[in-house]
Protein chains: 2
Amino acid sequence: MAEGAPALRRDRPRLPAAARRRQIIDVATSLIAERGFWGVSMQDIADRCGLTVPGLLRHMESKVGLLIAVLQDRDVQDARSLRTHLGTSEAELPDDWGSGLPGGVDLRQLCAATMQRNATQPEIVRLFTVLAAESLEPTHPAHDYFAKRQRFAATAYAALAEKFTDRPELLARQIMAMMDGLQIHWLRDPEATDLVQEWETAAEVLFARFTTPR
Amino acid sequence: MAEGAPALRRDRPRLPAAARRRQIIDVATSLIAERGFWGVSMQDIADRCGLTVPGLLRHMESKVGLLIAVLQDRDVQDARSLRTHLGTSEAELPDDWGSGLPGGVDLRQLCAATMQRNATQPEIVRLFTVLAAESLEPTHPAHDYFAKRQRFAATAYAALAEKFTDRPELLARQIMAMMDGLQIHWLRDPEATDLVQEWETAAEVLFARFTTPR
DNA sequence: GTCTATAGGACGATAGAC
DNA sequence: GTCTATCGTCCTATAGAC
């Protein structure tokens, strides 16, 4: 009966700090997407990492700190993906998204690319959908993040919409609303519809005024 | 110093059960709209009612029971409002919404009326926005409610869309997505825009194919 | 119809051993 | 880098007095 060493939780070996941090962010992303920030406990996250809560807290200074880390990580990933899609040189896009999108981009193509990417990562879409609603409350730790994000997106889209219409903010807002709306319906029943196809049909309507019928 | 009676919490007198229940539902609606179901505790709700938690639990059998009561109450209110707006006789609309909307209704008018009503009650819109996202998780107590609700709305809207297009489910989905999307943007910054006006502009685009230009 | 008291657990976070 | 142990708080819910 005398087990010598106290041994690590389960059979999981120590991980280098960087790898552990990566794992924690991935697990937290997944769980927060499922249940929202208030619906997840540090215990839940620690369990899925094969850690105790204090073990988890050596890598993240608090629960709120963990949420911030998750959101920052998403920005880094998104910026990387955008850079790849648009070509590195002209798109600066640092971690806070810089001041806008490059002017040479076509709005309709950008939207289509975004929806195509989103269709491949429902978990991330869900993370943002759930947190966007939860963080409407001004005291929510992600409130400012989402306020800023929405302001940025509205401005950037409107700038790109200028070559379509003289009311670019209006088109920008309709586009964002339609994208968000289609996404939440898709999340509720992913089998029922094809997000990309659904967007394509909607885009035809939204952009119809601005394209020459063939 | 000898205060005789233990006295009621604060200065609030006993309320008849029905009035108390009404108060509890109103308070819970408001708090859940702000913070989501997982973000609110029974203590929070009891405090705002001037009750202790056991006092609260004499009127609602559990926290989940309270959420159900809130949602059922919304259905009753919505059905009442719809009956008023459409005229009592043809719209049956029992508490579970029956099997559809009366065929005589014009879809575009119905949407406009809905958005006008929603614009006057941001708190209710927020309740549904927050819970719709939170309840994507299949184990959430409101999951089935929202799944059913979305299915009903999609069917009902599609039926009314039949006189506009031969792809009514598509138009119905675009309408619902746009309404939901505009609402969440409006909730984040209610000062910035007029929900009714915003919808009117979007509706012109969505219905443009089906109306004769004057 | 509302209270006090309390059970019994989960929560976020810290201290200190190894 | 991870553990055990623990603090103090908050949670939902119940028992029983008035």
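The chains referred to below are lettered A, B, ... by the order of the sequence lines, with proteins before strands, and numbering in each begins at 1. Hydrogens, waters and symmetry mates play no part in the numbers below; they use all other heavy atoms, side chains included.
- Of the listed nucleotides (D:dG1, C:dA13, D:dC3), D:dG1 has the atom at the smallest distance from the side chain of A:R14.
- B:L56 places its CG atom 10 Å from the P atom of C:dC3, with the value rounded to the nearest Å.
- In summary, the side chains of A:H140 and A:E134 do present a donor paired with an acceptor at a separation below 3.5 Å, with no hydrogens or angles considered.
- Here A:P16 lies out of heavy-atom contact (under 4.0 Å) with every strand.
- Between A:D47 atom CG and C:dA10 atom P the separation is 11 Å, expressed in whole Å.
- Using modelled atom types and a 3.5 Å distance limit, the side chains of B:S41 and B:Q43 yield no donor-acceptor pair.
- In terms of position on DNA chain C, the residue among A:L57 and B:A18 whose nearest nucleotide sits closer to the 5' end is B:A18.
- Look at CH2 on A:W38: it is 10 Å from P on C:dG12, rounded to the nearest Å.
- Closest of all the heavy-atom pairs between B:A133 and A:V130 is O-CG2, 3.7 Å.
- If you check C:dC3, D:dC3, C:dA13 against the side chain of A:V53, the one that comes closest is C:dA13.
- Considering only side-chain atoms of B:Q43, the nucleotide from D:dC11, D:dT4, C:dC3 that sits closest is D:dC11.
- Annotation: proximity of residues 59-69 of chain B to DNA chain D (heavy atom, distance under 4.0 Å) is found for B:S62, B:K63, numbered in ascending order.
- In this structure, the CZ atom of A:R21 is 13 Å from the P atom of D:dG1, given to the nearest Å.
- Counting heavy-atom neighbours within 6.0 Å of B:H85 NE2, excluding the residue itself, gives a total of 12 or less.
- A salt bridge links A:R117 with A:D78; the closest basic N to acidic carboxylate O contact falls under 4.0 Å.
- Rounded to an integer number of Å, the gap from CG of A:L15 to P of D:dG1 is 10 Å.
- Proximity of a side-chain donor or acceptor of A:H59 to a complementary backbone N or O of A:R21 within less than 3.5 Å is not detected.
- Judged by distance alone, with hydrogens and angles left aside, the side-chain atoms of B:K63 form a donor-acceptor pair with the main-chain N or O of B:V40 at under 3.5 Å.
- Remark: C1' of C:dA10 and CD1 of A:I45 are 15 Å apart, rounded to the nearest angstrom.
- To the nearest angstrom, P of C:dC11 lies 6 Å from CG of A:D44.
- When rounded to the nearest whole Å, the span between CE of A:M42 and C1' of C:dC11 equals 11 Å.
- Contact annotation: A:S41 does not reach the phosphate of C:dA10 (side-chain N/O to OP1 or OP2, under 4.0 Å).
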